[in-house]
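Take a look at the following structure, please.
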2 protein chains.
Amino acid sequence: MFSIGTLAKRTGTKVPTIRYYEQIGLMPEPGRTEGGQRRYDAAALDRLAFIRHSRQLGFSLDAIRELLDLSDSPDRSCAQIDAVAQRQLSDVEARIARLEALRGELRRMIRDCNADRVSECRVLEVLRDHDECLASHDEPGG
Amino acid sequence: MFSIGTLAKRTGTKVPTIRYYEQIGLMPEPGRTEGGQRRYDAAALDRLAFIRHSRQLGFSLDAIRELLDLSDSPDRSCAQIDAVAQRQLSDVEARIARLEALRGELRRMIRDCNADRVSECRVLEVLRDHDECLASHDEPGG
DNA sequence: ATAGGACCTCGAGCCGCTAGAGGTTCAAGG
DNA sequence: CCTTGAACCTCTAGCGGCTCGAGGTCCTAT
């Protein structure tokens, strides 16, 4: 049985993040000392490590919740788990594609700017005129 | 002089987003009709188009504010503008690199999973054991 | 004159945390 | 056993960048 600070250190998570995960029901409520401090066991450590690693791979907390739920039924087919991972992969691939398009525009914009003064700055021109772009980068974010 | 809805349509922005930009001082307060409705002119349209396009290229609202401020001094050197764009490019490149690493892990994870049951699922194994990963994907997001 | 779409403000909610205030508990050293 | 001070507790608010809803007003076309 160890404290939230120890759990935080062992998983590379910040303490408030652990409390947040508990609050949203991703981590179960742990036992408490008489004084009211949280005390964790190895199971909690495993679960949090799973969550953190999934987060590092870009899974949303909802997707992680799904994975954790699915992993509680060891006899079921793992097709659903693979589907969650596949969705994540597709998502990552889409984001890469979008960012690569942005990278192209930014590079072109910077390369073409041989101006001295703001008034002739190619970067600003491109930002002003959408038509100067090759790709149609519709959605922000990514 | 046209309404916020017209401005929204012409720039592909949602109406509440325009009001939000005004609220945070990115768009100036426009004139109003007697009844209190906003009325915009061509300058507002240009400014909003610039903002939207910059957003599509991934610039933060703060960076856009900087670009807009800089573009008000046409006689200055455009080095600062290029620097903002360069920063953005570096940012995009870093995000691409990170996402490519994630993509690799996800692909490997999915490829290796030939299991039927959840209990043998390779995807879950990898998520449980950080050591199964090739790269050290430290920070989430990206 | 009236209908109804577009506008108004204000406040809350999304994700995934992060930070701060202000107070309590625990563990180590004396 | 007592003191210290680091670590814990709860609660609230904030970040970016919007998005949505409620409840009300205005404008324009018929």
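Chain letters run A, B, ... following the sequence lines, proteins first, then strands; residues in each count from 1.
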Subject >> Any side-chain heavy-atom pair of Met109(B) and Gln88(A) under 4.5 Å >> reply: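 No, too far: nothing below the 4.5 Å cut-off.
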
Original post:
Are a donor atom and an acceptor atom from the side chains of Tyr40(A) and Arg47(A) found within less than 3.5 Å of each other?
Top reply: no

Subject >> Contact under 4.0 Å: Arg32(B) side-chain N or O vs dT25(D) OP1/OP2 >> reply: no

**OP:** Report the nucleotide, chosen from dC17(C), dC26(C), dC18(D), that has the shortest atom-to-atom distance to any side-chain atom of Thr17(A).
**Re:**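 Among the listed nucleotides, the one closest to the side chain of Thr17(A) is dC17(C).
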
**OP:** Please state whether the phosphate of dT10(D), meaning OP1 or OP2, lies under 4.0 angstrom from any side-chain nitrogen or oxygen of Arg38(A).
**Re:** yes

Original post:
In whole angstrom, what separates Glu22(B)'s CD from dC10(C)'s P?
Top reply: 12 Å

Original post:
To the nearest angstrom, how far is Ile18(A) atom CD1 from dA7(D) atom P?
Top reply: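 Distance, rounded to whole Å: 14 Å.
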
Original post:
Looking at Phe2(A), is Arg38(A) sitting on its ring face, NZ or CZ under 6.0 Å from the six-membered ring centre and within 45 degrees of the normal?
Top reply: no

Original post:
Phosphate oxygens OP1/OP2 of dC26(C): is one of them under 4.0 Å from a side-chain N or O of Ser3(A)?
Top reply: no

**OP:** Describe the nucleic acid contact of Ile24(A) in one word from base, sugar-phosphate, nothing, applying a heavy-atom distance below 4.0 Å.
**Re:** nothing

Original post:
Contact class for Phe59(A) (heavy atom, under 4.0 Å): base, sugar-phosphate, or nothing?
Top reply: nothing

**OP:** Send over the distance from Gln37(B) CD to dG5(C) P, rounded to a whole Å.
**Re:** 16 Å

Subject >> Value in whole Å for how far the P atom of dT24(C) lies from CD of Glu34(A) >> reply: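 My rounded result for the distance is 18 Å.
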
Original post:
Is Arg19(A) touching bases, backbone alone, or none of the nucleic acid, heavy atoms closer than 4.0 Å?
Top reply: base

Subject >> Any Ser60(B) side-chain nitrogen or oxygen under 4.0 Å from OP1 or OP2 of dG16(D) >> reply: no

Original post:
Taking only residues two or more places apart in sequence, or in another chain, which ones meet Asp116(A) in a salt bridge (Lys or Arg N to Asp or Glu O under 4.0 Å)?
Top reply: none

**OP:** Just compare dC17(C), dC8(D), dC8(C) and give me whichever is closest to any side-chain atom of Tyr21(A).
**Re:** dC17(C)

Subject >> Earlier contact from the 5' end, DNA chain C, for Gly35(A) and Val15(B) >> reply: Val15(B)

Original post:
Does a nitrogen or oxygen in the side chain of Tyr20(A) sit under 4.0 Å from OP1 or OP2 of dC15(C)?
Top reply: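 So the side chain of Tyr20(A) is outside the cut-off, no N or O lying under 4.0 Å from OP1 or OP2 of dC15(C).
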
Original post:
In chain order, what residues pass the side chain to side chain contact (heavy atoms under 4.5 Å, CB included) check against Asp62(A), with sequence neighbours excluded?
Top reply: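 If we apply the side chain to side chain contact (heavy atoms under 4.5 Å, CB included) test to Asp62(A), skipping adjacent residues, the hits are Ser60(A), Arg65(A).
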
Original post:
Taking atom P of dC18(D) as reference, at what distance in whole Å does atom CG of Asp62(B) sit?
Top reply: 12 Å

Original post:
Should Arg76(A) and Gln80(A) be marked as a side-chain hydrogen bond (donor to acceptor under 3.5 Å, both in side chains) after you check the CA-CA gap, both sets of side-chain angles, and the distance that decides it?
Top reply: CA-CA 9 Å; Arg76(A) 284 176 56 174; Gln80(A) 269 182 277; 2.3 Å; yes

Original post:
Considering heavy-atom distances to DNA chain D, does Arg39(A) or Pro16(B) have its closest nucleotide positioned more toward the 5' end?
Top reply: Arg39(A)

Original post:
What is the distance, rounded to the nearest whole Å, between atom CE of Met1(B) and atom C1' of dT28(D)?
Top reply: 19 Å

Subject >> Short side-chain N/O contact to dG16(D) OP1/OP2 from Arg55(B), under 4.0 Å >> reply: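 So the side chain of Arg55(B) is outside the cut-off, no N or O lying under 4.0 Å from OP1 or OP2 of dG16(D).
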
Original post:
Tell me: CZ of Arg52(A) to P of dG16(C), nearest whole Å?
Top reply: 11 Å

Original post:
Atom CG of Leu48(A) to atom C1' of dC17(C): distance rounded to whole Å?
Top reply: 14 Å

